[in-house]
Number of protein chains: 2
Amino acid sequence: MGVRNARPPQPTLEMVAAEAGVSRATVSRVVNGSPKVRPEVVVSVTAAIERLNYVPNRAARSLASRQTQSVALVVPEDMTKFFGDPYFAAVVQGITQRLDESDYTLNLLVASTDPRHKTMRYLRAGNVDGALVISHHTGDSFVADLESTMPVVFGGRPTNDSGANNYFVDVDNIAGSMSGVQHLVDIGRRRIGTITGPVDMPAGIDRLTGFRRVLENAGLATDAVEHADFTAAGAAAATRRLLERCPDIDALFVASDLMATGALGVLAEQGRAVPRDIAVVAYDDSPAAISGSIGMTTVSQPSKEMGFAMADLLLRLLADDETVPHRNIMPTSLVLRESA
Amino acid sequence: MGVRNARPPQPTLEMVAAEAGVSRATVSRVVNGSPKVRPEVVVSVTAAIERLNYVPNRAARSLASRQTQSVALVVPEDMTKFFGDPYFAAVVQGITQRLDESDYTLNLLVASTDPRHKTMRYLRAGNVDGALVISHHTGDSFVADLESTMPVVFGGRPTNDSGANNYFVDVDNIAGSMSGVQHLVDIGRRRIGTITGPVDMPAGIDRLTGFRRVLENAGLATDAVEHADFTAAGAAAATRRLLERCPDIDALFVASDLMATGALGVLAEQGRAVPRDIAVVAYDDSPAAISGSIGMTTVSQPSKEMGFAMADLLLRLLADDETVPHRNIMPTSLVLRESA
DNA sequence: ATGTGGTGTGAGAGCGCTCTCATTTAGGGT
DNA sequence: ACCCTAAATGAGAGCGCTCTCACACCACAT
């Protein structure tokens, strides 16, 4: 184990109490902002804390209070995917924004392939009071275990939302994708293809459903579908397959901005002009939508606000707020740029 | 505070001990893999643990052992910057790779503007056994406090590396940038400009120093310098300034791949062909170097390996390994692609 | 029989905090 | 003067674990 390179020991509550000439309990009250301490005592205790540069020990505190004041963000994806997609950046930003207003801290658990087990142990070991889960797949069974242990809020409708007792924040992905695809129909496109997200994720499934629904309503073919994995490279490959199979498409609905960057690359490479030859509508309205040489028309979802809402929901759950709604469905809107 | 939505209480060591008919101490030994327990006892205790689905409580453990088995990665940048730059993704990946082999967990602290204080409190509250710091700036005084509290390993030479008792992993940024700039000289460019990183960061300063050194050796002008902030947008603006001030440049050394994407955008926009009109050499060899339409010639640094090395160094420090070297300088190499 | 030296196990004292009570103190009311 | 109440404080029992000892036990040698 090792003796740890010698460090000056941190001051304890006990020491502060001695310094201030009061009991441990009183110092604890001051630290926790209890109203029932005489003002002058508060002052002297605060001074003692200052003098000793005291910081309460988290382990002791959480052992005694059975709370950790921290929450986890569980992301069942590998690092590359997590860092590669600006969508995650936005969500995390929203989450931290809300958390910064509280005194909870965030624990990022990007649980790729193997350490799924390790992550669960970490969570169950009482390291956090609650969890936020984003980008979960059908196969992610660990979620059920998690929910029996602590409050959980999902980003995106959970795959097993049968009981309706899950808490989650989402957009109406079907309506969102419908607005995007409808736009393609409205501008006169008739042979519309799509690059989908993973079909083991609600966001992937629902956006595909929206696509189909619009085309069926319009009496158009719905066979130009290729699946991808929410990565640029995966979308590029899918786009190649699609162009090979359906060379006649005049429009493309891509289930995320990041994937659209991949698709646009292939389109350029094959000499298909956007939007003239092929109009493209993407999804997310993340920075990826405007980083390229051509601005993307995309279904905008308030990713950052969703992160904020998730954290807010969880915090209220942790505060035993009885009034919290189980689901928070946020609005999407179509943002028109150059690609369609 | 709230009573926490009722959850089945987690089993404790005590309960496992009762279940297995041994003492707490023995269960503790089994859990911690002590060799001095009779094999048959190990079996029965393990069975009891399994039966109760026991997971040790981290708070209690760390209170008693004075260790947390987790380390922090402190990044004094805002979220957007952190998520925007693939360099960070690579480093984090390397860190987690090393940590996954151990039983330490990572705590990501992306400490933007305000919560610097909050971060320090978190760290000093004994939440982690040690810290990794990347992307630190001259003004980041909190680092000194940190070092007096726990072992710290830096990614990149610390700004105050006076005492030489800091631990860090880095590349020779001066030599690295020299190799890149020298290449520009070697291919016959004579009016070479640079977009630098922030000059309050060693990586920014050193890469600029390398730039200057090569040009001075070659008897070329070193005035075509514009400062940026390691973001694509910042670099784009700097490139515009530079082209305005020195329209005659025939080569550009950009201090990071991400910044180079911004520079290339401006170059394209202004109709300067790369590499014909302006040859570009970047730095990092991150995915950003190959994601664009033109492959970047770039100074490759082993970002992921550096993350791995940082974590490795810290873990050895935590294990009281006396033999750890204070600094680990890793090699760079020039990767030739199309941009120069 | 007695001693000697392991080796596995249990008892028990904390780790630094919170929180329930009991106790003290001050302030009315009669 | 008295009692009664309310407010401020302290004493002390844990929270679930680790870790130091002391002890019991079993060879094996004397």
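Residue numbers start from 1 in every chain, and the chains themselves are labelled A, B, ... in the order their sequence lines are given, proteins ahead of strands.
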- [ ] Return no unless some side-chain N or O of B:S28 is found under 4.0 Å from OP1 or OP2 of D:dC17.
- [x] no

- [ ] Sequence neighbours left out, what passes side-chain hydrogen bond (donor to acceptor under 3.5 Å, both in side chains) with A:Q97? Give chain and number order.
- [x] none

Open item on the list: With no hydrogens and no angle check, just 3.5 Å: does a side-chain donor-acceptor pair link A:S62 and A:Q67?
Closed with: no

- [ ] At under 4.0 Å between heavy atoms, which parts of nucleotides 6-16 of chain C does protein reach? Answer with one letter per nucleotide, 5' to 3': B base, S sugar-phosphate only, - none.
- [x] --SBBBBBBBB

- [ ] Report the residues that fulfil side-chain hydrogen bond (donor to acceptor under 3.5 Å, both in side chains) with A:Y122, sequence neighbours left out, ordered by chain and then residue number.
- [x] A:N107

Task: Check ion pair A:D312-A:R98 (N to O, under 4.0 angstrom) - done: yes

- [ ] Would you kindly give the CD1-to-P distance between A:I49 and C:dC17, to the nearest whole Å?
- [x] 10 Å

TODO: Could you check how far CG of B:N32 sits from C1' of D:dC17, rounded to whole Å?
DONE: 9 Å

- [ ] Ignoring hydrogens and angles, state whether a donor on the side chain of B:N32 or B:S34 is under 3.5 Å from an acceptor on the partner side chain.
- [x] no

